[in-house]
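Notes follow once the structure below has been shown.
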Amino acid sequence: MTMNEGNQQPEANPLSFARSYQLEALEMALKQNTIVFFETGTGKTLIAIMLLRSYAHLLRKPSPYVAVFLVPTVVLVTQQSGVVKTHTDLKVGHYYGEMGVDYWDDATWKKELDKHEVLVMTPQILLNALRHTFLRLDQIKVLIFDECHNARGKNQYACIMTEFYHRELASNRVQLPRVFGMTASPIKAKASSSNKAYWKQISELENLMHSKVFTCDSDNVLTQYISFSTPKLKLYDDKDKPCMTFETLQEDLQKLAHKHICSLSRPGISPSVAKSAEDKVNKLLSIFKFCLTELGIWLAVKAAEVYSREDGNIFLWGNMDISRDTAVKAFSSDAVKVLSARIPTGPQWLIRNDLRANMTVGYLTSKIICLVETLLEYRELKDLRCIVFVERIVTAIVIRSLLNELLPEVTGWRTEYTAGNNSRFQSQSRKDQNAIVDEFRKGTVNIIVSTSMLEEGLDVQSCNLVIRFDPSATICSFIQSRGRARMHNSDFVLMVKSDDHSGIARVKNYLASGDMMRQECLSHADLPCKPLGKEMHGESWYEVESTGAIVTLSSSVALLHFYCSRLPSDRYFKPHPLCIIDKELESCTLHLPHGCPVRAITVSGDRKSLKQLACLEACKELHRVRALTDNLVPDIVEEEAEPEEFGYEPYLDEHSKYFPQELIGSRDNKSDTTYYCYLIVLKPNFQYDVEPQNIMLAVHEMLDSDLGEFSFDLDADRGKLVVHVMLVGKVTLAPKEVVLCQQFQAKLFNILLKRNVDSLHEDCQHSRRKGSAVFDYLLVPVLGSHPNISIDWRCISSVRFPKNASLVDHTKCPSRGGCGQRIHTKSGLVCRFILENSLVSTPHNDVLYCIKGTLDSVDGNTNFAIRDGESMTYKEYYHQRHGIDLKYEGERLLNGGRIFTAHNYLQRCRIPNKKESSNRWCELPPELCSIIMSPISISTFYSFSFLPSIMHRIESVLMASKLKSIPMGHCTQNVVIPAIKVLEAITTKKCQEELHLESLETLGDSFLKYAATQQLFKTRQNGHEGLLSLKRQRIISNAALCKLGCDRKIPGFIRTEPFDLKTWIIPGVDCDVLEEDEISASSKVYTGGSRQIKNKKVADVVEALIGAFLSAAGEIAAVSFMSWLGIEIDFITVPYSRMSVTNPEVHVNIGYLESLLKYKFEDASLLVEALTHGSYMRPEIPGCYQRLEFLGDAVLDYLITVHLYHNYPGVSPGLLTDLRSASVNNDCYALSAIKAGLHKNILHLSPDLHRHISETINKSDELQSVETFGWESETTLPKVLGDVIESLAGAIFVDSGYDKETVFRCMKPLLDPLVTLETLRIHPKRELLQLCQKENYTFKKPVISRQNGLAYATVEVEAHGAVHKETLTAKDRKLAERLACKAVLKSIKDKA
């Protein structure tokens, strides 16, 4: 038993307050495997803590070792892990079934081992982890068994030792953990008067645990430190029980049960449901009889009331059939009436009025009276904490009702009950149980009526009374329940019937058992343990050679059921193995559900273990075909764990933004420069008195061919402005000319964007750092039209107009004498022609104007109307309004137009600035004007006001062209993808432009799903639908697509925000943020800053790009793009190999179905498969429709999406999404199936499904009136009906050699009429959300709950101060939410 620890010996690390016997036990535990046997409350856990502290230096990370602390109940997991955390500095993890550990894989367990040093868990978790080799014994340094007396037979403690510890011990292959057990009784059996019998059981425990029991010599050692409760025997006499009354009532209940059982034979109730309901009724009858005779009529009524409750599920019978549930509740309700008839009614009669009289007539039994009177003996006790132990859950519930009726007025005591949830009768959630125990500790609950669940481990130091209402079944139960009373001077009351002599003798044996067990342990202390060897109780097992994972004969049943539970299921059928035993042949045939690659196993052997043998053989075969992994877990469990990895990848939010290298360069202008010239022609589709001037874009290198000639629209204030861009040639400019053009465009954009007159000259003197990265292109005005165009150098030279107008050479004015009329300005005396096309500022109000010309016959003395028929001269106006006296009032006024404001003209539905348009023109006295630029026309400024938006679009198209060119390099086909289509795919809806990704995303999403589905269907022909769905999800999930997109640097191309002129970089102006970046071997961009992009948005763009390649160049191009991303798809035809049905015409009407589909099947067995539900488990039909449904769902989705995309090319992206949602949904398909009569051809064995289909068909008149493709239906349509539409599509697709067009041709008549723009009705939830967004209403998150098998949905909207709130119910949550949204919409519209 002494383990070889090598050089790593534990060192004793006791606590200062440890008692002498605890230190002795620790010393023993450090030497050898030990079981400490001390009474409850003596501090056994503290010894375990000190043992952990002694091993701590061997456990601390990065050590690969851990300690495992096993406890028998979930309540103790929390309690003991808290104790370990309090008294050690070790990292503690705690584990129980509700945490989902059954579905953990090897990687998840590795994370837990890397993170924690002590693992506190229930034993089944460790047993499973060892069986699956997620944990190994050589990783465990200390293995602690709390309540180790449970290690008997096939208990998990025993299995851990026999299946793993003793096998490793016999092989001597690995270092084994130190075993430490704790118990208040090493014997878990009835008491015996024989010492030999005691030692036999103790030695069995020692040998199994490979540990020696350590205990003290006598109770005297312990009583020095702790108090023990005083045992008290309470005898009660039930001779005066009214037997006749009880017998009569029992007969009445028997007749009542017979009546309800007979009612189950009516039509519509299947034999299996009737048999199950009969069993439940008989079970209830037994319970009511027990309550009647043992507790009394009044408590029997309470029990019947509990079972008849309509509003609660205090007892859960599993997933009960509605008819079965109804029958059981009906019997309980009638039982209440029968029993209540014997009890007085009226407000004057109360059960507490006269207890003895109530006992005489049988309302309460003497046993109950004994309990009540015993409790009342302690009424003077301050702060009572009492636990009453009972055997049955129903006893606990009804006694709690009685005590709360009797005691509060007399004593103020409050009573609760607790009951374990291992039974089918689950009375409480674990949260409720913990809350009751906490209240008991605090004193707000005084009495707990409990089953045996509180015998083990409950630590309530203030518990001062324990009553055994029902006797203990074992010595262990007796000792543990006695140990719950921890308080000094506490009592342990044992209730026994006065004439039960064997019961009284058993109690005496229990009282003496402690000393006898101690004596046997001490007398055999030197006897060594006997190893059990490798045989595992003689059980056969299967071991995976590569991992060591095992499944035993006894564990194979649970493993097989676990595997089946992970197969695809629906509300009508839960997959499970079907076992048929032939007693004569002593053979067993195990039929496995559809979706399982192994369909049947037949074995022969010992009749008692036939089922287990078949299950073990099935597990072997499932592992052979890889349905069970090498860790012997269902393949889907490992598959489920893998997609989660994508969610934790560091592709969060921060991404760079890319800029095209074609527009960026350095400013070393030392020699002549050649530019490629692109003419930008602006053609307004509206009338305006200012004509736009053509502009030339000059760049250093030729742009992509997509920009050689293209057009797009801008939303100007007065209508659409068509922008046409075309390549017109080259031009070579001298350095001085380049600088002049740069100064000109910089000044114009500063004027248009900043409007700050004082900063204009400063901004024009921008820095000229050599080699700095800037937007290095020119935008210059041109004269003429293509092909006869020239740069307007005269206009460009206006940037150098001097501040002092006297320096201007007036001889060059375009007048007959070389000089025109002189006019006084702020800049000096100038020629009229210089003013007529100039940019001026008026310093008195800091406004910029473009001068179009002078106004004939209008000067400072001219009158003009102001308001209400009044008028004044311009001279008077400037004097009154601005305090300015015009000196040259005789000079003609100038016709000035305010400078245009640059906007985001790409924004869809932009609201024009009407005020800006109406106040554009005014009359200006020349003497108030300061000339900034001349000559320059207002047309030039008008055109330049559009250029930021135009250049933003050109930049975007360039980036789209750059993005498309990268995957195109990997495409073997010669395909053309327009850059504008890629731009659509990378433009989000938030950009508020006419084009955005939603339509392409819809198309790409459907194609990606279709392609991935077809690939998996062909390559994973043994995979069931659940596994295929998970694998598809790994390919098409947002997390997966985001990762692929980020790996290919797609986020830098994404346009996520509306164009903002504030962040637009003026060409030629230094920009420190631009850095060169290589995004592929042949492609470079510049990055500028970073922005946050949601992961889903990246995934949306990836889908939209797939849609762009698909819509522009077909499926080959889309597959090529997906291959570049990292999604490998191959559309080659692969034969569909499967076990086919012989004589398919026997099972379905082949002729009718082929006529309906207008398609002749090559393999008619595909029709049988397409119409077989999972519940139809017949040996002659090897498969159900799930795989074909998986395929057909994706095929139909894609076909309908493509149909809508091509049939409605002009609709908005959002509307296309609505059309798809309204067309591709289960309700539409289900309605089509009903219309075609397909429900008559479905093969199934589910009463639930039969009833649901019948209910649906009975409402066919209502359903025929539904013209909105499912949204308006207020009935939950069976999903199976929609599934068969999809499976038939899958069957045709496979049979036709994967021909989509054949599928659409055959399925479209079934689905007609397809949704159109005229028949489209938006989903009520979407319509409500859109209304709230438009009207700024407050939409609260819907609240969904389930009660009594129904879904409740509450939808609330606050609109204009009024609250519109509706709660509706349905069988499923989606329908309930839809109906609630529809009701709220109606409420809002009615109020409006």
Side-chain angles (χ1 to χ4, degrees), residues 229-243 245-246 289-303 350-381 384-411 413 415 417 446-452 463-473 477-478 481-482 484-485 490-508 510-511:
S229 58
T230 304
K232 292 184 177 181
L233 199 61
K234 279 281 182 182
L235 302 177
Y236 61 91
D237 185 356
D238 66 345
K239 291 180 181 177
D240 297 329
K241 186 186 297 184
C243 297
T245 303
F246 288 171
K289 285 181 176 180
F290 164 80
C291 291
L292 181 65
T293 56
E294 293 295 317
L295 308 178
I297 301 172
W298 193 86
L299 290 173
V301 171
K302 293 297 176 186
L350 297 171
I351 189 67
R352 63 172 177 264
N353 287 350
D354 189 338
L355 294 180
R356 285 285 168 180
N358 290 335
M359 181 183 74
T360 303
V361 294
Y363 302 152
L364 301 173
T365 62
S366 58
K367 188 176 182 180
I368 290 292
I369 298 298
C370 178
L371 171 65
V372 174
E373 290 178 346
T374 301
L375 285 168
L376 290 175
E377 289 175 12
Y378 293 87
R379 74 175 75 185
E380 303 301 326
L381 183 65
L384 174 76
R385 307 287 173 79
C386 171
I387 302 175
V388 179
F389 282 108
V390 299
E391 184 180 349
R392 300 189 181 209
I393 295 174
V394 69
T395 306
I397 294 172
V398 298
I399 287 180
R400 175 247 192 190
S401 297
L402 176 67
L403 296 184
N404 280 334
E405 186 86 19
L406 301 178
L407 299 180
E409 288 190 7
V410 181
T411 62
W413 295 336
T415 305
Y417 79 92
N446 304 93
I447 302 169
I448 293 181
V449 187
S450 175
T451 56
S452 59
C463 180
N464 48 23
L465 177 61
V466 170
I467 301 176
R468 289 279 346 178
F469 181 79
D470 291 320
S472 300
S477 171
F478 176 84
S481 57
R482 181 178 69 184
R484 293 308 105 210
S490 56
D491 288 341
F492 179 46
V493 177
L494 299 131
M495 292 175 51
V496 185
K497 194 158 55 172
S498 58
D499 58 354
D500 184 5
H501 302 297
S502 63
I504 295 171
R506 191 183 310 117
V507 168
K508 290 178 180 178
Y510 283 161
L511 291 170

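For the pair Asn446 and Thr411, the minimum side-chain heavy-atom distance is 4.5 Å or more. With contacts defined as side-chain heavy-atom distances shorter than 4.5 Å, the pair Ile369/Arg356 qualifies. Side-chain atoms of Met495 and Leu371, non-hydrogen and from C-beta on, do get closer than 4.5 Å to each other. By the 4.5 Å heavy-atom criterion applied to side chains, Asp470 and Lys367 are counted as neighbours. Using a 4.5 Å cut-off on side-chain heavy atoms (C-beta onward), Ile368 and Phe469 make contact. Residues Leu375 and Ile467 meet the side-chain proximity criterion, which asks for heavy atoms closer than 4.5 Å. Side-chain atoms of Phe478 and Leu511, non-hydrogen and from C-beta on, do get closer than 4.5 Å to each other. At least one side-chain heavy atom of Arg484 sits under 4.5 Å from a side-chain heavy atom of Phe389.
Met359 approaches Pro242 most closely through the heavy-atom pair O-CD, 4.3 Å. Ser450 and Ile387 make their closest contact through CB-CG2, 4.4 Å (heavy atoms, listed as atom of the first residue, atom of the second, distance). Listed here is the closest heavy atom pair of Leu381 and Asn464: CD2-ND2, 3.6 Å.
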Q | Trace of the side chain to side chain contact (heavy atoms under 4.5 Å, CB included) decision for Phe246 with Ile297 | A | CA-CA 8 Å; Phe246 288 171; Ile297 301 172; 3.9 Å; yes
Q | Derivation and outcome, side chain to side chain contact (heavy atoms under 4.5 Å, CB included), residues Lys232 and Phe492 | A | CA-CA 6 Å; Lys232 292 184 177 181; Phe492 179 46; over 6 Å; no
(Q) Determine whether Tyr378 and Cys386 satisfy the following criterion, side chain to side chain contact (heavy atoms under 4.5 Å, CB included), listing intermediate values before the conclusion. (A) CA-CA 10 Å; Tyr378 293 87; Cys386 171; over 6 Å; no
Q | side chain to side chain contact (heavy atoms under 4.5 Å, CB included) assessment of Leu465 paired with Val388 | A | CA-CA 8 Å; Leu465 177 61; Val388 179; over 6 Å; no
**Q.** side-chain hydrogen bond (donor to acceptor under 3.5 Å, both in side chains) evaluation trace for Thr360 with Asn358
**A.** CA-CA 5 Å; Thr360 303; Asn358 290 335; over 6 Å; no
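At distances below 3.5 Å, at least one donor-acceptor pair connects side-chain atoms of Thr365 with backbone N or O atoms of Glu294.
Annotation: the span from Cys370 atom SG to Asp237 atom CG amounts to 10.5 Å, rounded to 0.5 Å. A distance of 10.0 Å separates CD1 of Ile448 from CZ of Arg385, quoted to the nearest 0.5 Å. Rounding to the nearest 0.5 Å gives a distance of 7.5 Å between CZ of Arg392 and SG of Cys291. Rounding to the nearest 0.5 Å gives a distance of 6.0 Å between CG of Leu376 and CG of Leu407. The distance from the CZ atom of Arg468 to the CG atom of Leu233 is 13.5 Å, given to the nearest 0.5 Å. Separation of atoms OG (Ser498) and OH (Tyr236) is listed at 8.5 Å; rounding is to 0.5 Å.
The pair Lys234-Glu377 meets the salt-bridge criterion, with a side-chain N (NZ, NE, NH1 or NH2) lying under 4.0 Å from an Asp/Glu carboxylate O.
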